[in-house]
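Just so we're clear, the structure is a prediction, and the values are computed from it rather than from any experiment.
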Amino acid sequence: MLFGLSLCLGAVQAAGAVDLSVGLPRSGMAADLHFARDEIMLRAREGAGQGGIETRLSRLGIAYAESFGPWLSMGLAGGYLSATQTGQELTGGMRFSGNYAGIDLHTGVPVNERFRLDLGARFTYHWMDDTRDGQKVQLDWAQVDIAATARLALNGWVSLYAGPVHSTIRVDQRARGTTVGTTEFEGRETGGWLGGVLLEVDHGGWV
């Protein structure tokens, strides 16, 4: 069982990438309860005069992963999300809520007993909306995260990991009410770094 509090560092906060760095399930399957808080900058894909929009996105969910051979695992994730934005008058004061679902792929190669290299990829789809003073806004958010990490076991129960992460984000915003229209956004940054500490509290159980 894996319980994770995901915190990403760098230009991109890629939720889910930290979860993938834990590695292949030892017993063939694993469950994950996680919370992630991201601050992501968006920009309009087309059109001038649109500055950066900061989105604070919080996710609470579960994931299930299963091994398919000694070096490969696949998993599913899903849960509840909420979000707020600054930098866009239309969505100012709104608190979006909704759900998300994702699928991930992980592979890892142990270099020796203490050091390993991991590569993980995840596709996540988010859907959320809010209504304020008769104005409804719906966000359909697709995100792909790819993370490559190096993991070092300091002893039998503490490990460190770090590595680069790449994220691609596409958002369709649909407005209904006083303002009507559809706007496409994308992530302003696509590359960054992540890192963290893993604490093994039981055999196969991580924080």
Side-chain angles (χ1 to χ4, degrees), residues 1-8 10 12-40 42 55-83 96-109 116-129 138-151 161 163-174 184-187 189-196 198 204-207:
M1 182 70 71
L2 167 70
F3 296 91
L5 178 61
S6 298
L7 300 175
C8 297
V12 173
Q13 289 73 30
V18 173
D19 300 338
L20 297 177
S21 70
V22 172
L24 302 174
R26 291 183 180 177
S27 61
M29 62 184 65
D32 174 6
L33 172 64
H34 58 265
F35 172 77
R37 175 69 181 270
D38 304 321
E39 295 183 1
I40 301 172
L42 301 176
T55 302
R56 295 177 176 87
L57 189 64
S58 299
R59 303 176 183 87
L60 175 64
I62 59 175
Y64 173 81
E66 188 169 339
S67 295
F68 296 87
W71 313 114
L72 177 67
S73 72
M74 298 183 66
L76 300 173
Y80 170 81
L81 68 85
S82 65
F96 296 96
S97 61
N99 299 94
Y100 69 96
I103 182 171
D104 62 65
L105 178 70
H106 183 99
T107 184
V109 178
R116 65 176 291 136
L117 300 175
D118 293 279
L119 178 65
R122 171 172 289 174
F123 171 78
T124 311
Y125 183 75
H126 315 71
W127 60 97
M128 61 191 111
D129 60 59
Q138 176 181 339
L139 301 180
D140 294 317
W141 180 307
Q143 181 169 337
V144 176
D145 301 311
I146 301 175
T149 58
R151 176 175 165 184
Y161 65 87
V165 58
H166 175 86
S167 290
T168 300
I169 297 172
R170 295 290 185 268
V171 181
D172 289 335
Q173 175 181 283
R174 297 180 176 86
E184 295 182 348
F185 296 93
E186 64 184 1
E189 304 289 347
T190 58
W193 294 86
L194 60 86
L198 296 173
W206 299 88
V207 175

E66 CD to L72 CG distance, which is reported to the nearest 0.5 Å: 11.0 Å

Salt bridge (Lys or Arg N to Asp or Glu O under 4.0 Å) against D172, all qualifying residues, sequence neighbours excluded: none

Any donor-acceptor pair under 3.5 Å from T149 side chain to G163 backbone: no

Mutual orientation of the aromatic rings belonging to H126 and W141 [parallel < 30°, tilted 30-60°, perpendicular > 60°]: perpendicular

Flag side-chain contact, heavy atom, 4.5 Å: Y125 against D140: yes

Residue pair D129, R174: steps toward the salt bridge (Lys or Arg N to Asp or Glu O under 4.0 Å) verdict: CA-CA 9 Å; D129 60 59; R174 297 180 176 86; over 6 Å; no

Heavy-atom side-chain proximity of F185 to I169 below 4.5 angstrom: no

Passing option when I146 is tested against V165, L119, L105 for side chain to side chain contact (heavy atoms under 4.5 Å, CB included): L119

Reported OG1-to-CE distance for the pair T55 and M128, which is rounded to 0.5 angstrom: 7.5 Å

Pairwise distance OG1(T190) to NE2(H166) - rounded to 0.5 angstrom: 5.0 Å

Enclosure of I62 CD1 (heavy-atom neighbours >12, cutoff 6.0 Å): no

Set of side-chain contact (heavy atoms from CB on, under 4.5 Å) partners for R170, sequence neighbours left out: R45, T168, E186

